[in-house]
Amino acid sequence: RSGEMAKLTQLIDNEVFRAYATYTTIVLLKMMLMSLITAYFRITRKAFVNPEDTASFGKGENAKKYLRTDPDVERVRRGHLNDLENIVPFLGIGLLYALSGPELYTALLHFRIFAGARITHTFAYLIPLPQPSRGLSWAAGYAVTISMAYKVLKTALYL
């Protein structure tokens with residue numbers, strides 16, 4: 001029934017909720033992968049922020065040269081930060097959206113566009129692809145989250 005909030009006991013049988021769970025897992029795993037990519041770049045570029053991380057490269061002044069910033073590491077970190085700024089709102093708003101009774105087709109469209117946009121954004125950041133590819137992929141994901149928020153407010157407006 002569109003327009004009614006789903007009961008918790010019905011979530012496991014709710015196709016929209018299962019779709020939400022699927023695409024949430026995909027974007028969270030993608031976001032977790034960014035931590036591994038950051039670690040990879042830190043190790044291969046020998047660019048660390050904590051003195052204890054440089055222990056395998058020597059002690060004292062020899063190790064201090066590895067306490068530095070690196071443009072490649074910082075690029076990955078900015079991409080990861082952008083994930084946090086966009087995926088976290090998607091998690092909350094997407095859950096409320098999934099519970100607001102949307103049609104499965106429409107929900108899948110929202111979830112797939114968001115996941116695709118975030119994956120594209122990551123490639124655009126890491127390769128890097130020329131603008132406006134990164135900006136457009138960010139905007140697509142952001143628009144999806146706004147669209148879901150609008151549907152939630154329209155369905156359960158208690159302002």
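These figures come from a predicted structure and were not determined experimentally. We're numbering straight along the sequence, starting at 1.
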Nearest 0.5 Å, what's the OG1-CD1 distance between T122 and I37?
7.5 Å
Only one of R118, R78, R77 passes salt bridge (Lys or Arg N to Asp or Glu O under 4.0 Å) with D83, and that residue is R118
Side chains of Y125 and R75: do they bring a donor and an acceptor to under 3.5 Å?
no
Check A140 against I113 and note the closest heavy-atom contact, atom names and distance.
O-CG2, 4.4 Å
I'd like to check L95 versus T24 (side-chain heavy atoms, cut-off strictly below 4.5 Å). Are they in contact?
no
Linked, directly or transitively: I93 and L84 (ILVMFWY side chains, under 4.5 Å):
yes
Restricting to pairs with a member in residues 130-142, which pass side chain to side chain donor-acceptor pair (under 3.5 Å), not counting sequence neighbours?
N86-W138
Are the side chain of Y20 and the backbone N or O of L91 linked by a donor-acceptor pair below 3.5 Å?
yes
The reported gap from CG in D53 to CG in L67 (rounded to nearest 0.5 angstrom) is 8.5 Å
Over all heavy atoms of both residues, which pair between V16 and F111 is shortest? Give the atoms and the distance, please.
O-CE1, 3.8 Å
Just so I know, are the side chains of I87 and F114 near enough to count as touching, which here means a heavy-atom distance under 4.5 Å?
yes
Just one of L29, V27, L28 clears the side chain to side chain contact (heavy atoms under 4.5 Å, CB included) bar with T25, so which one?
L29
Establish whether Y150 and V152 are linked, either directly or via other cluster members, by ILVMFWY side-chain heavy-atom contacts under 4.5 Å.
no
Heavy-atom pair of closest approach, residues A19 and L104:
CB-CD1, 4.5 Å
Give the C-alpha distance, both sets of side-chain angles, the deciding distance and a yes or no for side-chain contact (heavy atoms from CB on, under 4.5 Å) between V49 and R42.
CA-CA 9 Å; V49 292; R42 282 202 182 285; 3.8 Å; yes
Answer yes or no: is there a donor N or O on one side and an acceptor on the other, between the side chain of T38 and the main chain of M34, under 3.5 Å?
yes
Is there side-chain contact between E85 and L81, with at least one heavy-atom pair below 4.5 Å?
yes
Between L108 and Y105, is there a side-chain heavy-atom distance shorter than 4.5 Å?
no
Would a 4.5 Å heavy-atom cut-off, applied to side chains only, mark K30 and H121 as touching?
no
Does Y66 belong to the same Ile/Leu/Val/Met/Phe/Trp/Tyr cluster as V73, with side-chain heavy atoms less than 4.5 Å apart forming each link?
no
Under 4.5 Å between any side-chain heavy atoms of K64 and T54, yes or no?
no
Whether the side chain of S100 engages the backbone of Y97 through a donor-acceptor N/O pair (distance < 3.5 Å, no angle test) should be reported.
yes
Holding to side-chain hydrogen bond (donor to acceptor under 3.5 Å, both in side chains), I want the full list of residues that pass it with D70, two or more places apart in sequence or in another chain.
none
Heavy atoms, side chains only, cut-off 4.5 Å: are F90 and M148 in contact?
yes
Heavy atoms from other residues, nucleotides or ligands near CZ of R45 exceed 12 (cutoff 6.0 Å):
yes
